[in-house]
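What follows is a short report on a single structure.
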Amino acid sequence: MNMKINQVTIDALASLCKRRGFIFQNSEIYGGINGFWDYGPLGVELKRNIKDSWWQSVVQWRDDVVGLDAATIMHPRVWEASGHLDGFTDPMVDCRQCKGRFRADLLLEDQGIELETGSTAEKNLKLPANAKCPTCGARDLTEPRAFNLMFKTFIGPVADDTSAAYLRPETAQGIFVNFDNVLSVARKKIPFGIAQIGKAFRNEINPRNYTFRSREFEQMELEFFIKPGTDADWHAYWVKERLDWYERIGLARANLDQYEYGKDELAHYASACVDILYRFPFGLQELEGIAARGNYDLSRHREFSGKSLEYFDQETGERYLPHVVEPSAGVDRIALAVLCEAYTVEWIPKEDTEGDIRPAEPGEKVPSGYEERVVMKFAPRLAPYKAAVFPLLKNRPELVKTARSIYDQIKKRWPAFYDQTGAIGRRYRRQDEIGTPFGITVDFQSLEDDTVTLRHRDSMKQDRVGIPELPGILAEKIDE
RNA sequence: GCGGGCGUAGCUUAGUGGUAAAGCUCUAGCCUUCCAAGCUAGCUACGCGGGUUCGAUUCCCGCCGCCCGCUCCA
């Protein structure tokens, strides 16, 4: 089950993603920019399918969750209330000798000296000359740098502190600040949730591992508001719900894992947190965190905004600040996991060779009588194109005409691809490499009996099916 | 951010102080009755900037980017 994961390297995957148009480096013609990535024609389809599937399972198919789409820039006070502004502005210094890193304020406090502050606007902090490294004692520290992981911007034409704002580092706060608004229009009673998909921005110190840690990324977050005291049950419920979803989109259970935070690792307001992890080529890494956050966020916004934000239960007459369970997932990380999971190298027997398709052995040469293929085994519902339609030969107008009309019919319902160029085998392989689950080929028999061949990506086997039956067959296999 | 490695076409590689080669891919055409066949033609590259030099892809410096380790990870 894990073989394919051992096979794929991030380099090989990144190469395919660029070659076929899943993912490009942002601003590549200018030399690229660290931590930003663009999704090409196939990547955008894949990502949208992931988001659609999440939205279906979390919003559309449920009666107790509604959606939201908040702006990426919010009132700066939001980030004071959320704790992001204070939490991420610690001035840090590095020791050039022992490579240690320390918070400048704590380090100097220990040594009984204070930071020299320059202009307050930009926090130009200077280190006194007598400061030394607490680990090795060397007086060879870098100047303090403020590690604010939020991107700062300015509202209006004047760039000064009174107009400062931040690009949101998470989508969740847009939900909390709209809690009252949604409550008053959605006709929902607790327990109910508000879901949002959107961009978030973090000025990561060190983006790494391809798209895994990017500075601009997309989140899918749900805030599920609950009655105080029911936290543990709802938390367990959402952990299971979310794990099931990951399996449904095609991630092997064997490559998924969960990490339960110990009491000492939890934020002070949280009662539970579970990370859902995926076995990436670069290690077991987080796709989603599911946290029981109590009423921390709403209580902070109550404090900072002066609004009550309480919920009144008409049946019991109780008034309370709801608690919340927050499943928070990274779309780009999930897309990367799906790409890793799908990437498969196989050895397939040539025409005169007896044998079955088998997984390639990493580092081994292709055995004689076999040839190699790369195939992206996406779950059909996630595949960028659901079907490709081919005339067997392009220099036979009647084949071309029939193929085009089938394509025109299919593309109204699913993303599809039409290709009449080159040998049929080449066209099949090209679709294998972008994960198209079905190939539909119009041949001479089609002209006689209105059937086509339906070729399956993973097995490479073909069925003969009637043209009128195609939509039904595809629907069944795609939505499975 | 620190240390190390790397940067030639879409990909994988070759090569040179006198502006560069190949395979695969890709595009067009021919051919082709089901799995990357064949033939013909074509597009496309020395990451960016500066320096040395008559001349730099090559040597030097800076920057950017990628990979690995450390660090960080709300």
Side-chain angles (χ1 to χ4, degrees), chain A residues 9-12 14-21 24-36 40 79 82-90 92-103 140-145 147-150 168-170 172-173 200 202-210 212-213 267 270 273 275 281-282 285-286 289 291 293 326 328 348-351 357 371-375 390-396 399 420-433 439-447 452-457 459-462 464:
Chain A
T9 65
I10 277 294
D11 285 347
S15 173
L16 182 142
C17 285
K18 181 180 182 186
R19 188 169 70 247
R20 292 305 190 188
F24 304 125
Q25 189 173 26
N26 175 267
S27 307
E28 190 184 342
I29 63 170
Y30 288 99
I33 179 167
N34 189 299
F36 298 90
W79 308 114
S82 71
H84 287 84
L85 200 51
D86 284 344
F88 307 140
T89 50
D90 305 327
M92 306 291 286
V93 298
D94 292 318
C95 174
R96 293 192 184 90
Q97 296 298 318
C98 70
K99 310 303 178 195
R101 169 171 292 168
F102 317 95
R103 268 179 63 177
D140 193 10
L141 299 170
T142 61
E143 285 303 321
R145 288 176 296 261
F147 272 50
N148 189 337
L149 297 189
M150 284 197 293
R168 65 183 177 193
E170 62 176 28
Q173 298 305 323
R202 297 181 191 179
N203 208 350
E204 298 287 354
I205 298 166
N206 192 359
R208 272 289 167 89
N209 292 328
Y210 198 29
F212 183 82
R213 180 173 292 128
C273 187
D275 283 347
F282 45 82
Q285 296 280 343
E286 178 188 350
R293 298 174 61 83
E326 176 192 84
S328 170
I348 56 183
K350 290 182 179 170
E351 214 169 337
I357 300 174
E371 57 186 351
E372 193 168 273
R373 77 159 177 166
V374 173
V375 52
F390 317 113
L392 184 59
L393 301 174
K394 75 169 170 187
N395 56 2
R396 300 289 196 284
L399 296 182
Q420 62 179 33
T421 308
I424 189 70
R426 174 180 298 270
R427 287 178 265 164
Y428 284 143
R429 296 300 176 76
R430 234 188 318 240
Q431 295 302 316
D432 287 344
E433 213 182 24
I440 296 162
T441 302
V442 174
D443 58 16
F444 290 95
Q445 189 182 332
S446 307
L447 305 175
V452 291
T453 60
L454 182 65
R455 185 259 194 187
H456 300 267
R457 175 194 67 198
S459 66
M460 301 175 71
K461 297 227 163 70
Q462 300 181 62
R464 188 105 214 156

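Chain A is the first sequence line, chain B the second, and so forth, proteins listed ahead of strands; every chain is numbered from 1. The shown structure was predicted, so the numbers you read here are calculated from the model rather than taken from an experiment.
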Worksheet item: Quick one: CG on Leu399(A) to CG on Asp443(A), what's the gap to the nearest 0.5 Å?
Response: 7.5 Å
Discussion item. Distance criterion of 3.5 Å, no angle test: do you see the side chain of Asn206(A) paired donor-to-acceptor with the base of C72(B)?
Written reply: no
Fill in: Touch class at under 4.0 angstrom, heavy-atom based, for Lys394(A) against every strand present
base
Discussion item. Between the base of C35(B) and the side chain of Arg455(A), is there a donor and acceptor pair under 3.5 angstrom?
Written reply: yes
Worksheet item: Does Arg455(A) count as lying over the ring of Tyr428(A), i.e. NZ or CZ under 6.0 Å from the six-ring centre, within 45 degrees of the axis?
Response: yes
Practice prompt. Check whether the side chain of Thr453(A) and the base of C34(B) form a donor-acceptor pair under 3.5 Å.
Written response: yes
Distances for protein N or O near nucleotides 37-44 of chain B N or O, under 3.5 Å:
| from | atom 1 | to | atom 2 | distance (Å) |
| --- | --- | --- | --- | --- |
| A37(B) | OP1 | Arg426(A) | NH2 | 2.3 |
| A37(B) | OP2 | Arg426(A) | NE | 3.3 |
| A37(B) | OP2 | Arg426(A) | NH2 | 3.2 |

Item to complete: Round to a whole Å and report the spacing from CG of Asn209(A) to C1' of U71(B).
Response: 14 Å
Worksheet item: Under 3.5 Å, is there an N or O donor on one side and an acceptor on the other linking the side chain of Tyr428(A) and the base of C34(B)?
Response: yes
Item to complete: Quickly work out the Leu16(A) CG to U25(B) P distance and round it to whole Å.
Response: 15 Å
Item to complete: Write down the distance between CD (Gln25(A)) and P (G7(B)), rounded to a whole number of angstrom.
Response: 16 Å
Please list, pair by pair, any protein nitrogen or oxygen found under 3.5 Å from a nitrogen or oxygen in nucleotides 49-51 of chain B.
none

Worksheet item: Between the base of C34(B) and the side chain of Gln462(A), is there a donor-acceptor distance below 3.5 Å?
Response: yes
